[in-house]
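This report concerns only the one structure given below.
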2 protein chains.
Amino acid sequence: MAKKKSPLSDEALVVVARRFAVLAEPMRLRLLQVLFAGEKSVGALAEAAAGTQANVSRHLQTLAEAGLVSRRKEGLQVFYAIADPSIFQLCELVCGSIDQQNQARAKVFAKP
Amino acid sequence: MAKKKSPLSDEALVVVARRFAVLAEPMRLRLLQVLFAGEKSVGALAEAAAGTQANVSRHLQTLAEAGLVSRRKEGLQVFYAIADPSIFQLCELVCGSIDQQNQARAKVFAKP
DNA sequence: TGCGTATATGCGTAATCACTTAAATATGAA
DNA sequence: TTCATATTTAAGTGATTACGCATATACGCA
């Protein structure tokens with residue numbers, strides 16, 4: 001029994017905005033993109049994303065707090081993985097929208 | 001001929017992040033939600049969203065630059081409208097994901 | 001031309017946040 | 001215990017930005 005579309009409360013808007021804000025950083029998007037290939041440790045992620053270990057750890061914490069990635073500790077290492085499958089569709093949707101806008105813009109400036 | 005899924009370049013990630021950042025403000029989300037009902041003037045939007053005229057005008061400019069809303073001038077008034085239909089699916093997707101997380105959390109604390 | 005209205009913009013302020021460096025914590029091995 | 005490794009956290013800095021207030025611009029009308 002999914003709720004029908006109704007105006008969101010101010011509190012709900014804040015939550016949604018927060019979700020978008022988490023995705024509004026290139027470094028976090030890059031980490032998610034690396035994680036698309038599967039679970040990885042913090043060190044591996046830092047190297048793959050070309051970031052400092054401290055900074056990557058912080059971004060991973062942000063992603064985990066938002067419920068987008070999961071955290072699994074194994075000995076000295078901590079492994080992160082995609083926890084919210086909607087991320088795939090979300091990125092696909094946004095990329096598709098941007099592609100469409102670019103194509104529309106290209107059409108305007110196309111030679112006659 | 002849609003491109004297959006391949007790692008996005010750093011520049012592309014910046015563009016995608018920017019798109020998310022535009023959606024990462026409660027006031028802008030509220031404006032979009034009001035616009036879901038149809039085209040409206042700046043003044044009408046300011047009243048419906050309970051914001052100052054200056055601030056709403058600024059947010060609308062941000063949304064327009066991102067290609068999310070369209071601008072139509074008619075006499076003294078300027079009318080804005082949803083320009084990117086993917087916004088509907090995007091909000092639906094995010095809200096659904098948040099709902100799912102909330103239900104999962106509720107389940108954890110459910111009485112036995 | 002001058003006046004009133006609708007919208008946009010310039011400026012200052014406060015808050016948020018990403019990033020770096022350095023230090024702290026946690027785990028496993030010797 | 002002591003040491004080394006992997007990760008997290010603390011503190012400081014610079015950049016971005018939302019908001020309020022005041023002013024500027026654009027348009028219609030008399």
Side-chain angles (χ1 to χ4, degrees), chain A residues 10-11 13-35 38-81 83, chain B residues 10-11 13-35 38-81 83:
Chain A
D10 288 11
E11 300 172 5
L13 288 179
V14 171
V15 174
V16 175
R18 175 59 192 165
R19 166 67 55 104
F20 281 125
V22 170
L23 296 170
E25 280 302 314
M27 175 60 85
R28 283 199 284 270
L29 292 178
R30 209 179 333 176
L31 291 172
L32 289 173
Q33 197 170 234
V34 174
L35 285 176
E39 188 186 54
K40 283 201 173 46
S41 72
V42 177
L45 283 165
E47 186 182 354
T52 67
Q53 185 267 350
N55 200 31
V56 166
S57 173
R58 215 157 236 277
H59 282 305
L60 289 170
Q61 183 180 340
T62 302
L63 290 169
E65 281 173 356
L68 300 182
V69 301
S70 62
R71 210 183 102 109
R72 183 175 68 85
K73 203 168 187 176
E74 182 181 317
L76 279 177
Q77 298 182 332
V78 176
F79 290 90
Y80 286 88
Chain B
D10 289 11
E11 300 172 4
L13 288 178
V14 172
V15 174
V16 174
R18 175 58 192 167
R19 166 67 56 104
F20 282 125
V22 170
L23 296 169
E25 281 302 315
M27 175 60 87
R28 283 199 283 271
L29 291 178
R30 208 178 337 176
L31 291 171
L32 288 174
Q33 196 170 236
V34 173
L35 285 176
E39 189 186 52
K40 283 201 172 45
S41 71
V42 176
L45 283 164
E47 186 180 355
T52 67
Q53 181 270 338
N55 201 30
V56 166
S57 174
R58 270 215 148 79
H59 283 305
L60 289 170
Q61 182 182 338
T62 301
L63 290 169
E65 282 173 355
L68 300 182
V69 302
S70 62
R71 210 182 100 109
R72 184 176 67 84
K73 203 166 188 178
E74 184 181 316
L76 278 179
Q77 298 182 336
V78 176
F79 290 89
Y80 286 87

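Fair warning: this is a prediction, and the values are worked out from it, not measured in the lab. Residue numbering restarts at 1 for every chain, and letters A, B, ... go by the order of the sequence lines.
Taking only side-chain nitrogens and oxygens, B:His59 comes nearer than 4.0 Å to OP1 or OP2 of D:dC19. In this model, the phosphate group of C:dT27 is approached by a side-chain N or O of A:Lys73 to a distance below 4.0 Å at OP1 or OP2.
Rounded to whole Å, atom P of D:dT17 lies 18 Å from atom CE of B:Met27. In this structure, CG of A:Leu45 is placed 10 Å from P of D:dT8, rounded to the nearest angstrom. Taking atom NZ on A:Lys40 and atom P on D:dA6, their separation rounds to 17 Å, with Å as the unit. The distance between atom CD of B:Glu25 and atom P of C:dT16, rounded to the nearest whole Å, is 12 Å. Per the geometry, CD belonging to A:Glu47 stands 14 Å off C1' belonging to D:dA6, to the nearest Å. The interatomic distance linking B:Phe20 (CZ) with D:dT16 (P) rounds to 21 Å, in whole Å. Spacing between atom CG of A:Leu13 and atom C1' of D:dA18 amounts to 16 Å, rounded to whole angstrom units.
For the residue pair B:Gly67 and B:Ala83, the shortest heavy atom distance occurs at O-CB, 3.8 Å. Of all heavy-atom pairs spanning A:Leu35 and A:Lys40, the tightest one is CD2-N, 4.0 Å. The two atoms that bring B:Val34 and B:Ala48 nearest to each other are CG1-CB, 3.9 Å, heavy atoms only.
For B:Arg71, the side-chain hydrogen bond (donor to acceptor under 3.5 Å, both in side chains) test picks out no residue, with sequence neighbours left out.
The closest side-chain heavy-atom distance from A:Phe20 to B:Leu29 is below 4.5 Å. Taking 4.5 Å as the limit, every side-chain heavy atom of A:Leu23 sits out of range of all side-chain heavy atoms of B:Leu23.
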Would you mind building the protein contact string for nucleotides 4-9 of chain C? One character per nucleotide, 5' to 3', B for base within reach (heavy atoms under 4.0 Å), S for sugar-phosphate only, - for untouched.
-BSBBB
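Residue B:Arg18 has its side chain nearest to D:dT17 when only C:dC19, D:dT17, D:dA18 are considered.
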